[in-house]
Each structure stands twice: as C-alpha cells, then as structure tokens.
Amino acid sequence: MSNYNPQEIEAKWQKKWEETELYRSKVDWDKPKHYALTMLPYPSGNLHIGHWFAMTPSDARARFMRMKGYNVLFPMGFDAFGLPAENAAVQRNIHPAKWTYANIEKMRKQMRSMGAMFDWEREAVSCDPDYYKWTEWFFKEFYEENLAYKKEALVNWSPALQTVLANEQVIDGKDERLGQPVIQKMMSQWFFRITKYADELLDFEGIDWPEPIRLMQTNWIGRSEGAKVTFKADTANQEPIVVFTTRPDTLWGATFMVLSPEHPLVDVLTMDENKAAVAAYQETTAKATEIERLSEGKEKTGVFTGGYATNPVNGAKVPVWIADYVLMTYGTGAIMAVPAHDQRDFAFARKFGLEIIPVIQPDGEEALTADEMEEAVVASGTMINSGPLDGVVVNSEKGRKNPAIAAAIDWLQENGAGEESVNYRLRDWLISRQRYWGSPIPIVYKEDGTMETVDVTQTPVTLPEDVDFEPTGRSPLTYYDPFLNTTDSSGNVARRETDTMDTFMCSSWYWYRYLNPNYGAGPMDPEEAAYWLPVDVYTGGAEHATMHLLYARFFNKAMRDLGMFDDASEIAAKNGRQTDGLFDEPMVMLRNQGQILGEERMGDMVMATGRWDGDKMYADRVEVVESADGVADGTVVGELMRRTENVMHVATADKTVVVELVDDGVVEIPAIEGKNTVNQLKHHLEIQRMSKSKGNVVDPDALVSAHGADTVRGYLMFAFDWQRGGPWNSQGMAGFTRFLDDVWTLGNASYIPKKENDKASRALRRATHQAMQKATRDMEAFSFNTALASLMSLRNTLKDAQKKTNVSVAAWNEAVDSMLLMLAPVSPFITEELWEARGHGYSIHQQPWPVADDEIAKEETLEIVVQINGKIRGKIEVAADASRESIQDAAMAEIADRLAGKEPKKVIVVPGRLVNVVV
RNA sequence: GGGGUGGUGGCGGAAUUGGCAGACGCAGCGGACUUAAAAUCCGCCGAACUUCGGUUCUUGUGGGUUCGAGUCCCACCCGCCCUACCA
C-alpha cells in the first residue's frame, strides 16, 4: 500500500469522471428529480475561499441527494457582465470581453479542482450573445406587457461609477461596490414594475426560506396601511395636496404640512416674499448627497413657503413648509404634520415655533398641554379635540384594526376628503445603467421622437467590439456612431438606446438557461423545465436578500403571468406531475452559508498610565509596547483582551484590569505613524473580513496543492457551522488531514480477525448503523460538521477494532464500506480510490446511500443516571427494554445508603434517561 | 432609533428540542518510540476544594416556572448583521 497522495488520485479521477460523463444529468421521468443550485460567481479571475465554502458543501449536499436516489442536476455558470471588466479596459487597455473570458477560463480550471459534480454541458455565461439574446427578449416581453417602462425620475447617480443605481444598490448613501457617495438626479430611465407584485412577494407560503431573509424582504417591501387625504391649497385654483398617512386618526391634530423640496406644488404655494429662501433651500438639498443630509444628524431644517392649505376635517388653515426630511420618493412626497404625536413633526414644530394640538388622551395619564410636552406622545388612549372622533379608543394596532383609524377612514370616505390606502416602501426596479459591459436594451428611438423595440429577428443587439474606452469611464455606446446610428422597422433613420441593463437582470433567470443553454426557440427548454423546475435547493450568501433574491422571485412571477411556463406545465401534467402553483416560486428551499473570516490573532501588548480609582484605571496614556518587562508600580501592562469605545480590558500577569482612556488621553502605536486613536488598538481574537489590504486572505489553490481538494472540502465542512461561518484557523486542518490518513489506512487494510468475538462484532455494527442514522439526519439538515463528527467517531471505533482484531470480517467490511460511502459526498476522490482498491465497481458516486437498520443501531444496555433532588448520585446499567418498575427498583437500590431509610416524596422515571428521587 | 441574530472550556463547535453540559476536532500537558526532531502511538485536558472516595461551582447577568433549565418565561448587559427622517 502506497501513501495517500491526493495530487495523484485527484488528477486521475477527475479525468475518469469527465471521460465517463459521470455527472451528466438527463431527464428521466422514472426517477424523482432534485435541482440543486448554488449562486453563480462573478468572473473576477480568482476563486477565493468563500467560493469554496459556498460551493463545495452545496456539492456535497447534491451528491448526498444523488446517492439517496434522486436524479440530481447541479449546474454552474458565470454572471459575466459588470463594471470591473470596464475598469480593466480603461486601466489596462484590454477589451472587457477578452478580460472576462480569460478570467472565466482560469476559474473553470480552479473549479474543476474542487471535484464538484457540476454538469459543464449546461454551463451558461451571461455575456455570451446566445445568453443575452434572451435577456433582451425578456425585456421586450416585459415592455410589451407594460412591465417595463421609461420615465423621468429622481434617481441615484454615482459620479464615481458614471451610472445610475437601483435603490437596492445604495447603502448609507453610498454605492455598494466602491462605497463612494451617490447623489440624487432627475433622469429619464428604464424601470421594471416590480411594485405590481408587492403583495404577492410578501407571501412566502409554500417555500422554505430562512426567517431572516423573509423578514428582510418583508421590511424592504415595507407595506403600510393608512389613508390618502386631500388638503386644498389656499390659492385661487385650490390645488389638491394629497398626503399619505398611517395615522388618519390624528388628522385633527395636523397643524402644518411639509412638502418635499422637489414637490411640484412648491412653486404654486410659495409667496413672492418667500421665493428667495425657498429656492436657496431647494438648491442646497439638491446638491447634498444623502450622506451630507444624514451627517446633519437629526437636527431638522426647512423653510416656510408662505402658503397655506385647508385641513379637510376641520377647515383649519395650516401653513405649508418644505423640508428635506420629507422624501419625494416615498408616499406622495407630502405629509400632514401632527407634532403632538409624531416625534419628527414635534422636533420640527419646536424648532420653528409651530402650533401643537394633542388629540390623544393617553390611558392612565394626566393630559399634557402643548407647552408641557417634551416629546411627541405615542400611546394608546382616547381621542380628544377631534370632533366626531372624540371618545373613540386608540390602541397600538395598525390600519383598520385600530378603532380610531377605522373611524377616521370612514369619516374621510363619507365626506369625500380621502380614502383608505396602502403604501409600499418598495419602488420600481431601476434597470438602466449608463455602462458598456451589460446587456443592451433592444429599443430604438425614431425620428419622430417615439420609440419601438427591435424586432426579434434583429436580436441580440450585440455590443460593438472595436470601441475605444475613454479614461473618463463614459460608456463607448454613447459616442460610437456605428452602434448609435441604425434604422427603425420601416427603414428610417433611428438611434439606439445606449443604456444597458443592470446585471441583476442577467442573474434573474440564469437557472432556466442552465436547463439547456443551447436552446434556440426561447430562453428555456420546456421539456427540461417540465422535469427539473422549480429549483429544490438554492444555496448562497444572505447578502442578496433584498436584491438578487427579490428580483428572482419577481421575475418568476412575471414569467408565470406572461404564460412563459405554459408549455412546461403542459408537459409536466402529461407526465403526471401536479402543476397547481408549481411555477409560483423559483426556489422551494433556500439556505445561506455564513462567511469565512480572517484568522484570529493576539491582542496588542499595551502599557497604560494614569489615575487609579479603586480597581479601575483612568488612563491619560496608552501605548503599545514590546514586552511586559520593566513595569513601574502603578502602571498596567498586559495583552489587550477587549475594547468597547474607550474602555479596555487588559490582562496583566495576575488579573484583568479595566482601563478607561480619559477624553484627551493619548494613544501611541509605534508601528503606525502620526496621531493614533484608541480604535487602532488590536484586541485579543479580533477577527475581520478577509481582504488583500489586511493581508489575511487564504488562497484555496495553495491549500489544494498542499493538502488536496478532499481535505480542503472536508475541513471547510467540519470546522464551521456552515450556516454561520467563522474565523479561519490554519492549524485546524491537521485534524481533517489525520482523519483522511486514517481513512486511507483503514480502506487499504487487509483485515484478518484473530480472536473473533460476537459481542465486539455487534458493537461495531451498532456503531456503524448509529453513524448512518446521524449522518443521514445531519446531511439532510445541512449540518455537515456533525455529520463528519459521527464519521470520525466511526473511524475511532474502527481503529480500535483493528487493534484488537476481534470483530468478524463481515462487520469490518460493512463498517469500512459504509464509512467510505458516507464520506463520498464530502471527499469524492479518496473515497473513489479506496472503493476501487477494495474491489468494488465504478463508481462509488453511483452507489445508494447506506440506510440504517434501527434494530442493529439500538443499544443493548443503557446507562441510567440516578438523581436525588436533581443531583447525580449514581449510575445504573439496565437492559434496553427494562420496565419502568425494574429501572426504579434498581435505582432505589443504588442510592439506598444515601437515603438512609428516608421515604421519597416522589420518584420520576424517564426510561432510557434517568431516575430522579425527590426527598 | 427600528428589526434580526447570537453569547457554552484556551479555540472551532456539540447537546435526540425540558432529562448525564462540553460529542467531534484543534491547541496544550505528561509518557512511549528516536542520538534528536517531525510523524506516529498511549494517557490527561471547564474551575475550585479534596482525607483521592469524592464535594461544590459552571452555558453573558439577575429573577421566575419545573422533580429537573444551555433549552421555557420576565428584566437587563454585550457582540455581530440588516435597516434607517418611511409619514
């Protein structure tokens, strides 16, 4: 037997698997199907450890399902459009296509080393014209069904990226890619009408998705129930000013209105003497980025327009203001302000001296006058000062469930002043991008100013290749004439749309293309779709909660409503599948993996000097030092264990001391130049995301060449709770290396029993079948770490049996073969090699998953804990099928001495577990 | 501010959902083998006390329910993630 040499066997089997097409998945109506999908990568050119952590456990799960008897499809592809390719073009003078395809080629090689069961025949690459022809086709279909439209809108413009972004791509007023500021700009842009599906997207019935994802989507959609109320402007034309409110019950306390600075009625309402101030305010907010707005804190700003409007419930004239805390993009862009019961309105009213009228008398509290109030009153109670609503109960319920709100809505509808209304935070999906490297939008603008879609025979509209990329980053499509100039359907001169589509558009339907990437009659092959859809398990990162995962559901629902699944549905029905609601959701089950973080590290050795107050030090100086030597009395020296703000926990030689840095205290870190801050101190076990700049990146290629893919896969699955992730630990890999070394030895051993023993054989079989029970349950639950722990336990039992050589050959073989079979999804190469070495046929990956015999797995005797008043006082060994009475008798005998004749008050017997005697 | 999620040995993590807390592994310690080291093998490994048989404490903190709580309930503290003037 030779030593375990992963490089050799991995190359060998990779080749054989490809030659024999081991992982080709074909429609087979006689077998149950399982479509396992993992998120496709962006072709950055390098596979990092996070890709491995996402993909290889997903692969193991797919392989497990295959062994369980399912016909499994597990495809892969590339989400290949996007900005980095254009940056490469500008910076390195490489065409985006060349750069992208070179990266894809490199990543395909890296992925092959994973040993995953990807069916490469089904690979889809979103920047292939064969692929984006259908992305364009979807656009056309959506356009024709009024799901895509163009409008002038205030949008997020990123000067750094030279493009607009969807709301989902803007985080804290910065773009999610570079973290550069985003500003608001009026532009004519393409949108998808995702809001049409807002209510259906809130319904997760029938799909098994993690609760946090469902909550994030629910919050993102942000359904709120309330009413639209029409105020009339105090002008000659009495222009209606519509507001949305969730609290129509407080209308009688509305003492002013606030419009967004961009609101179209601002000009009408503004009096001559206020024009200058209003214009100045509008200009300031237009220029401000969202971050600048936020950096102002909660301090309210705004100006009076000089205009008034009439509150429809009581005819009161209320002043109309503009302020940036009212957003044009939410609701109607105008609010009624109820300072008594809304904290923002209260702050605004106090700052500008506006009237405050309380309309809710809180339960069990004295009524406050407006002058006495220190903050808005948000409480349950009874309506006051509200005419017809006086005395009605207000509770904390939302919408019509709240009696006061219901009464207010009824009043508004009877008096024609407003109506019940639902508002969503979700806005239509902005898909225009002013970029080159994306799927073109198949629209042309005719001479007369109208537009039309490009005829399907003329698609795909392809990206021109011989373009120059300006250093400004401007899209070449906007200045490359051969692309721009075209003709319309009647042959007249026309101009092409120069915007391309958001790359999330490409990734909103890729799992349909995988089914048959060469299909020419439509985006997906209905014969394949009928069998494989929907996706059974989707795995990937949770960071896509409100972007990709929401778009994917929208796309699927729109496709269903446009009849795009009709053919597939018919074929499915013909083959006996239940088709009701079959195509309502794209993915039945979703599971998110956690993130692998950088390796943990030791904290800085710090020395603090300052004033002691009891056990705590108020330090005026903290410095990073080399060692704890030469410590003066009264100073603290030790490793920084924890830090919260300016409070540090320092582990000195004998104890942990709390050190608080005083306000003007000095921090000195010799390794970092300039003025240092307390935030730069590294504390114990501080862990961070991996990044090149932090120098804590783990390179999977290097690990594979050092240890083999089987070890890397196995370690990733063993060392973490997959759904949580955690910090990398370079030492931990040794444990899995030892495990595979043992597996290698056991798998190659020729076993000859010396002193065969029935009891030992039974014990080994029991261990084998218990491992089957645990591994099966855990693989099903994505609990890879505990599944592997049970295999390691079986390994330990086997090593013991090998030493004692006291089990039967049959028991030995069953244990070794089962261990290999159960390890096969995790470490596919070594198990294939050993399967062959043990004289079994090719391939282990086509064997059925071992099924436990519960009778064999059952323990013969059980250890029962005997407690007195809940504390362990002894243990007894009883037969597995012992009766309750006999267990109790044995337990009482065990503790007879301790009881010393005392009569127990109560005896609790939990069969198979414990006996608790209460005295 | 709102929401989510988590807090268990030196570390990664287990705990059939209310029943022996710490499975499995890493690191560490002691021993064997070796001229030596690595590898390997054997043993120990939450803390304190101990007459070496045990005893007491221990799942962020404080209460509660229960024969029995890491698990359920209440209050609080801390970490991470998402979101944020959403009317």
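Letters A, B, ... are given to chains in the order of the sequence lines, protein chains preceding strands, and every chain is numbered from 1.
Using a 4.0 Å heavy-atom criterion, one finds that Arg738(A) contacts the sugar-phosphate atoms exclusively. Within 4.0 Å of Asn785(A), counting heavy atoms only, lie sugar-phosphate atoms of the nucleic acid but no base atom. The residue Arg873(A) sits close only to the backbone: its heavy atoms come under 4.0 Å of sugar-phosphate atoms, none of a base. Within 4.0 Å (heavy atoms only), Ile908(A) reaches at least one base atom of the nucleic acid.
For Leu862(A) and G19(B), the CG to P distance is 16 Å, given to the nearest whole Å. Rounded to whole angstrom, the span from the CD atom of Gln867(A) across to the P atom of C67(B) amounts to 14 Å. When the C1' atom of G19(B) is taken as reference, atom CD1 of Ile864(A) falls 11 Å away, rounded to whole Å.
For the OP1/OP2 pair of A23(B) and a distance below 4.0 Å, the side-chain nitrogens and oxygens of Lys774(A) include no atom meeting the criterion.
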| said: For Arg400(A) and Glu225(A): C-alpha separation, side-chain torsions, deciding distance, then whether salt bridge (charged side-chain N to carboxylate O under 4.0 Å, His left out) applies. | reply: CA-CA 8 Å; Arg400(A) 276 201 173 267; Glu225(A) 292 171 20; over 6 Å; no

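Side chain to side chain, Gln595(A) and Glu543(A) fail the donor-acceptor criterion of an N or O pair below 3.5 Å.
Not a single donor-acceptor pair, N or O on each side, falls under 3.5 Å between the base of C67(B) and the side chain of Lys905(A).
A salt bridge does not link Arg738(A) with Asp742(A): none of the charged nitrogens is closer than 4.0 Å to a carboxylate oxygen.
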